[in-house]
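Notes for the one structure printed next.
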Amino acid sequence: MNTNMVASELGVSAKTVQRWVKQLNLPAERNELGHYSFTAEDVQILKSVQKQISEGTALQDINVPRSNKKRTGFLVQKTNSDTEKRIEQLEQKLDTLLQQKQEENGLLARIEELERQLKQKADEGVSYQLLQHRREIDDILADLQSMTSQMKEFTAQPTPETAASSEKIKTRKKPLLSLFKFQT
């Protein structure tokens, strides 16, 4: 029986059964995966422990009945050719997985190198664009300075009188009278 089956039979949790086995050093065998495997005799011992606890006995004061049969604590299984074949298959799978892991590490290193190169190219592109913008700004600044000097020269020259400026400015009629007069 496994731990869950024993726990349901006793009406306690699987953790409680595991705790009793560990703290009271009860004879329980383990399978190849490390899970407890209980015999009918083991279940009777656990029922005795449960009864003593329900009567109020402290865990360290519990009297555990021991059997005369010597137990190793682990299930011993005879190895046969199927098990050996299975082990060989698992070793081959492990070798394959290790090989794949090495290939993945190689690919990751290559990806990191490509990312570094891409970043370097992007930085070079941005630097080129900045230099190009700087040249354009310098050209615009030179044009602006040239235009400024031309404007200064133009404003420094005397302006000839035009026909519009030489005419006398007419005096305006009074606005109130012009409202009532008709133009002829």
Side-chain angles (χ1 to χ4, degrees), residues 1-140:
M1 294 175 78
N2 66 21
T3 306
N4 288 329
M5 292 169 68
V6 172
S8 65
E9 186 174 323
L10 295 174
V12 296
S13 71
K15 293 285 184 186
T16 301
V17 172
Q18 292 171 355
R19 185 170 31 93
W20 289 348
V21 170
K22 288 176 188 172
Q23 290 181 350
L24 299 173
N25 197 21
L26 298 177
E29 296 176 343
R30 291 183 179 244
N31 63 15
E32 64 276 357
L33 298 175
H35 300 289
Y36 288 119
S37 178
F38 297 98
T39 63
E41 185 180 331
D42 296 335
V43 174
Q44 289 304 318
I45 292 172
L46 286 169
K47 284 182 180 180
S48 168
V49 168
Q50 183 182 26
K51 182 179 180 191
Q52 291 178 46
I53 289 174
S54 67
E55 292 173 351
T57 308
L59 198 60
Q60 62 269 16
D61 296 333
I62 290 179
N63 181 18
V64 178
R66 302 282 177 190
S67 68
N68 296 335
K69 187 171 100 177
K70 184 171 181 172
R71 296 174 69 172
T72 61
F74 289 93
L75 292 175
V76 180
Q77 294 182 347
K78 296 179 183 176
T79 57
N80 56 24
S81 62
D82 289 340
T83 306
E84 290 173 1
K85 288 179 185 177
R86 182 73 177 141
I87 290 172
E88 287 177 22
Q89 290 174 348
L90 291 173
E91 286 175 349
Q92 289 174 354
K93 286 182 180 180
L94 180 63
D95 290 340
T96 304
L97 289 173
L98 290 173
Q99 213 171 24
Q100 288 175 350
K101 182 69 173 171
Q102 288 176 346
E103 291 172 3
E104 287 175 5
N105 288 340
L107 288 173
L108 288 174
R110 180 71 178 136
I111 288 171
E112 288 173 0
E113 175 63 20
L114 289 172
E115 286 176 345
R116 187 194 62 76
Q117 290 175 358
L118 184 63
K119 184 177 179 183
Q120 182 180 359
K121 288 288 184 188
D123 289 345
E124 290 172 0
V126 168
S127 297
Y128 176 78
Q129 287 177 343
L130 286 173
L131 289 174
Q132 192 68 21
H133 288 304
R134 180 65 190 184
R135 285 188 202 119
E136 291 173 3
I137 289 171
D138 289 343
D139 290 345
I140 291 171

First locate atom [atom1] of [X], then atom [atom2] of [Y], and finally report the distance between them rounded to the nearest 0.5 Å.
X	Y	atom1	atom2	value
Y36	N2	OH	CG	13.5 Å
Q102	L107	CD	CG	12.0 Å
W20	I45	CH2	CD1	13.0 Å
M1	D42	CE	CG	10.5 Å
K121	Q117	NZ	CD	8.5 Å
L46	I53	CG	CD1	9.5 Å

Note: E113-R116 ion pair, threshold 4.0 Å (strictly below): yes

Least distance between heavy atoms, A14 atom then T3 atom: O-CG2, 3.6 Å

Closest non-hydrogen atom pair, K47 against L10: CG-CD2, 3.3 Å

Heavy atoms from other residues, nucleotides or ligands near CZ of R86 exceed 12 (cutoff 6.0 Å): no

Sequence neighbours left out, cut at 3.5 Å: what donor-acceptor pairs do the side chains of residues 90-98 make with other protein atoms?
| residue | atom | partner | partner atom | Å |
| --- | --- | --- | --- | --- |
| T96 | OG1 | Q92 | O | 2.9 |

Residue pair Q52, S48: steps toward the side chain to side chain donor-acceptor pair (under 3.5 Å) verdict: CA-CA 6 Å; Q52 291 178 46; S48 168; 3.3 Å; yes

D138 side chain to R135 backbone, donor-acceptor under 3.5 Å: no

Exam field: side chain S37 to backbone N31, donor-acceptor pair closer than 3.5 Å: no

